[in-house]
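So that the names make sense, note that chain A is the first sequence line, chain B the second, and so on, each numbered from 1. Every heavy atom of this structure was used, including side-chain atoms; hydrogens, water molecules and symmetry mates were not.
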There are 2 protein chains.
Amino acid sequence: MDNHLSSVKNSCRLLKTFLDSDKEMGVSELSRQLQLSKGAVHKLLMTLESEGFIKQNPANKQYSLGYTLLELGNKVLRNHDLSEFAKPFLRKLAESTNELVCLCVQDEFDAIYVDKIDSKYPIRFNVEAYRRFPLYATSAARVILAFQDDEVIDHILSGEIRTFTPYSLKDPAGIKERLHAIRQRGYEMSSNLRNEGVTGIAAPIRDANGAVNASISIIGPSDRVVPVYQNFIDQVLATTREISSQLGYRGK
Amino acid sequence: MDNHLSSVKNSCRLLKTFLDSDKEMGVSELSRQLQLSKGAVHKLLMTLESEGFIKQNPANKQYSLGYTLLELGNKVLRNHDLSEFAKPFLRKLAESTNELVCLCVQDEFDAIYVDKIDSKYPIRFNVEAYRRFPLYATSAARVILAFQDDEVIDHILSGEIRTFTPYSLKDPAGIKERLHAIRQRGYEMSSNLRNEGVTGIAAPIRDANGAVNASISIIGPSDRVVPVYQNFIDQVLATTREISSQLGYRGK
DNA sequence: ATGATTGTTCTCTATACGTGAACATCGTTT
DNA sequence: AAACGATGTTCACGTATAGAGAACAATCAT
């Protein structure tokens, strides 16, 4: 870990520990989780609080994330051209399918839903926006991963593979085969791999250079989605091709 | 600036400079804005990037905010009990008024809209959620400020007063009078102070101790809102009183 | 080609960081 | 009440390190 500012790194780690906790946290608990002295954690908190990144509950002296992070997070979205650009396409797709439609992007070795439009049906599936998940886990993510360099794929598959249902893919070789198949046919469809009874259909968005960093997917209860899957595949592909073309992509 | 970690403070300042810029920024520009050496800024960026708080565009080497901030910002909202709790009340109010309805909270010496439901009318006014603004600037904010301690009020009014329209309040003494009036009657209504042709009606939410940290407001074009203002005042007051009461407030 | 920008790397010293322990405040338990 | 255990907060100190400044590399414009 050279040329890294240790206290800055610690402050980042501190903020991120709040992601895995639903409650406020105190100095002692943070000091345990981060393996830092209480004094150091306290100084970190004082500094972060003075900048609005952390706020302290006066009643119980516990700390939680501050509103400045809300501002910054929102700014990420507003600076994110693609979500602005893709919005009308998502809306159109949501209207014609009535199912959950998501815009997924890659960030390092994770995937994130940066936008979504919920299904109108009373019985519908839901995803959590803005939360990271592994690139091998969902249709929307795999359809991005499939177009990455082999080194990236190998690096990700050489790590621990998390499973979510009894059907989740867990064999690296099997996943790799599947990725090649996706690359061949240009889309992905899967059921039960992330959530039982749920089917996702996803296609990649290409930028002007042909690189894939994002995808659009339709997700819904299998008994509604599977009977019309060919129609949905056609619609997602039509949408992502139109977007890719408007982004300057000149491929098939 | 004692017992503050300077590099952490710098990293916070660095992230916040992106709030006032709509584009990516490079080392040199940041170094100028922050008055830090290029080397120092570079190290900050490397560290923040390794934690996902910053990302670099490989094409032009410029930097922008990273997706981890999106995660953290979203977490702030999910941890914010009030917005979850107030949601159904907002929806009801939006449905019966058809105008923009906002939930506003105080953070230090600023106000932030943490939730809103847009008007259904084709001609409608819009606010930017999650962005700070001064506590004296809008109805929603003033109705919170009015119930703060005098020291807080004086501190805020002793600073620079920003104006937004030719009608914006700018005389500290006049604002203070207005705040007292708000306190008397329990709500605020104003036109043209933040945006010309726009009228806001706001009432405070009280917690179990009677403290005011949030408000609900109805905002819309004056020619639609003013004619029915008494009705809207009654509805906002009924809503905030119901919420306050459910939060444990036992006042009038 | 030249020059003026950039981003990145390097060396070096003042200092700011993190530790560890002491102190202060809480609730609980006995 | 009194003693305990847990908290959050403060402090002094030595070492690791953060930040300055200059050199280097890589662009882009002229």
A.B. asks: Rounded to whole Å, how long is the line connecting atom CD of Glu49(A) with atom C1' of dG8(D)?
C.D. replies: 13 Å
A.B. asks: Taking the minimum atom-to-atom distance to the side chain of Tyr63(A), which one of dT9(D), dT8(C), dA20(D) wins?
C.D. replies: dT9(D)
A.B. asks: Taking atom P of dT7(D) as reference, at what distance in whole Å does atom CG of Leu30(A) sit?
C.D. replies: 12 Å
A.B. asks: Whole Å only: how far is the CG atom of Leu45(A) from the C1' atom of dT9(D)?
C.D. replies: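 In whole Å, dT9(D) C1' lies 12 Å from Leu45(A) CG.
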A.B. asks: Would you say a side-chain N or O of Arg32(B) is under 4.0 Å from OP1 or OP2 of dT5(C)?
C.D. replies: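 So the side-chain polar atoms of Arg32(B) never come under 4.0 Å of the phosphate oxygens OP1 or OP2 of dT5(C).
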A.B. asks: Could you say whether Ala59(A) or Gln35(A) is positioned toward the 5' end of DNA chain C, judged by the nucleotide with the nearest heavy atom to each?
C.D. replies: Gln35(A)
A.B. asks: What is the distance, rounded to the nearest whole Å, between atom CG of Leu5(A) and atom P of dG19(D)?
C.D. replies: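 That distance rounds to 6 Å.
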A.B. asks: Roughly how far apart, to the nearest Å, are dA1(C) and dT5(C) at atom P?
C.D. replies: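 Pairwise P distance, dA1(C) against dT5(C), rounds to 23 Å.
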A.B. asks: Mind checking if Glu29(B) touches a base, just sugar-phosphate, or nothing, with heavy atoms under 4.0 Å?
C.D. replies: nothing
A.B. asks: Measuring to OP1 and OP2 of dT7(D), would you say a side-chain N or O of Gln62(A) lies under 4.0 angstrom away?
C.D. replies: no
A.B. asks: Within 45° of the ring axis of Tyr187(A) and under 6.0 Å from its six-membered ring centre, is that where the NZ or CZ of Arg185(A) lies?
C.D. replies: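 Flagged: Arg185(A) positioned over aromatic ring of Tyr187(A).
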A.B. asks: Please assess Phe18(B) against Tyr63(B) for the test ring-ring contact (aromatic ring centres under 6.0 Å, His included), listing each intermediate value before the final yes or no.
C.D. replies: CA-CA 10 Å; Phe18(B) 283 94; Tyr63(B) 296 88; 8.3 Å; no
A.B. asks: Is there a side-chain contact between Gln56(B) and the phosphate of dT8(C), meaning an N or O under 4.0 Å from OP1 or OP2?
C.D. replies: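 Checking dT8(C) against Gln56(B), a side-chain N or O does come within under 4.0 Å of OP1 or OP2.
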A.B. asks: Please say whether the positively charged group of Arg206(B), taken as NZ for Lys or CZ for Arg, lies over the ring of Phe147(B), i.e. under 6.0 angstrom from the six-membered ring centre and within 45 degrees of the axis.
C.D. replies: yes
A.B. asks: Using atom C1' in both nucleotides, what's the gap between dG14(D) and dC23(C) to the nearest angstrom?
C.D. replies: 22 Å
A.B. asks: Quick one: which of dG18(C), dT6(C), dT9(C) gets closest to the side chain of Lys43(A)?
C.D. replies: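 Nearest listed nucleotide: dG18(C).
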A.B. asks: Is it the case that more than 12 heavy atoms not belonging to Gln246(A) sit under 6.0 Å from its CD atom?
C.D. replies: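 Atom CD in Gln246(A) is packed in, count exceeds 12.
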A.B. asks: Separation of Ile54(A) atom CD1 from dG8(D) atom C1', in whole Å?
C.D. replies: 15 Å
A.B. asks: Can you list, in residue-number order, the parts of residues 12-19 of chain B that come under 4.0 Å of DNA chain D, counting heavy atoms only?
C.D. replies: none
A.B. asks: Output yes when Glu49(A) and Lys55(A) qualify as a salt bridge under the 4.0 Å nitrogen-oxygen rule, no when they do not.
C.D. replies: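 Here Glu49(A) does not pair with Lys55(A) in a salt bridge, since their nearest N and O are not under 4.0 Å apart.
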A.B. asks: Can you tell which of dT7(D), dG7(C), dG19(D) lies closest to the side chain of Ser28(B)?
C.D. replies: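 Closest of the options to the side chain of Ser28(B): dG7(C).
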A.B. asks: How is the base pairing of DNA chain C summarised as a dot-bracket string, given the Watson-Crick and G-U wobble criteria with both distances under 3.5 Å, [ ] for crossing and | for another strand?
C.D. replies: |.|||.||||||||||.||||||.||.|||
A.B. asks: Rounding to a whole Å, what distance do you find between Lys9(A):NZ and dA18(D):P?
C.D. replies: 11 Å
A.B. asks: State, without any angle test, whether Gln62(A) and Asn57(A) hold a side-chain donor-acceptor pair at a distance under 3.5 Å.
C.D. replies: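 Absent: no donor and acceptor within the cut-off.
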A.B. asks: Asn60(A) has an atom CG; how far is it from atom P of dA6(D), in whole Å?
C.D. replies: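 In whole Å, dA6(D) P lies 19 Å from Asn60(A) CG.
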A.B. asks: Base, sugar-phosphate or nothing for Gly26(B)? Non-hydrogen atoms, less than 4.0 Å.
C.D. replies: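 Since only primed, P, OP1 and OP2 atoms lie under 4.0 Å of Gly26(B), the category is sugar-phosphate.
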A.B. asks: Quiz question: by atom type and distance under 3.5 Å, do the side chains of Ser217(B) and Ser139(B) form a donor-acceptor pair?
C.D. replies: no
A.B. asks: So Asp207(B) and Leu82(B), do their side chains get closer than 4.5 Å, heavy atoms only?
C.D. replies: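 Sidechains of Asp207(B) and Leu82(B): no contact.
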A.B. asks: Return yes if a side-chain donor-acceptor contact under 3.5 Å exists between Asn79(B) and Lys23(A), otherwise no.
C.D. replies: no
A.B. asks: When you check the side-chain N and O atoms of His80(B) and Ser83(B), is any donor under 3.5 Å from an acceptor?
C.D. replies: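 There is such a pair between these side chains.
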A.B. asks: Between N or O atoms, less than 3.5 Å apart, protein on one side and nucleotides 23-25 of chain D on the other: list the pairs.
C.D. replies:
none

A.B. asks: Among the candidates dT19(C), dG7(C), dG19(D), find the nucleotide nearest to the side-chain atoms of Asn10(B).
C.D. replies: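 Between dT19(C), dG7(C), dG19(D), the one nearest the side chain of Asn10(B) would be dG19(D).
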A.B. asks: Can you tell me if Arg132(B) and Thr68(A) form a side-chain donor-acceptor pair at under 3.5 Å?
C.D. replies: yes
A.B. asks: NE2 of His42(B) versus C1' of dG21(D): gap in Å, rounded?
C.D. replies: 16 Å
A.B. asks: Check the pair Glu51(B) / Lys16(A) against salt bridge (charged side-chain N to carboxylate O under 4.0 Å, His left out), numbers first and verdict last.
C.D. replies: CA-CA 9 Å; Glu51(B) 295 290 331; Lys16(A) 286 204 247 181; 3.1 Å; yes
A.B. asks: Is any side-chain heavy atom of Phe85(B) less than 4.5 Å from a side-chain heavy atom of Ile243(B)?
C.D. replies: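 A side-chain contact under 4.5 Å exists here.
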A.B. asks: Checking contacts here: which listed nucleotide (dT19(C), dG19(D), dT8(C)) is nearest the side-chain heavy atoms of Ser7(B)?
C.D. replies: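 That would be dG19(D).
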A.B. asks: Out of dG18(C), dG19(D), dT8(C), which has the shortest distance to the side chain of Ser6(B)?
C.D. replies: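 Nearest listed nucleotide: dG19(D).
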A.B. asks: Categorize Ala40(B) for me: base, sugar-phosphate, or nothing, with a 4.0 angstrom heavy-atom threshold over every strand shown.
C.D. replies: sugar-phosphate
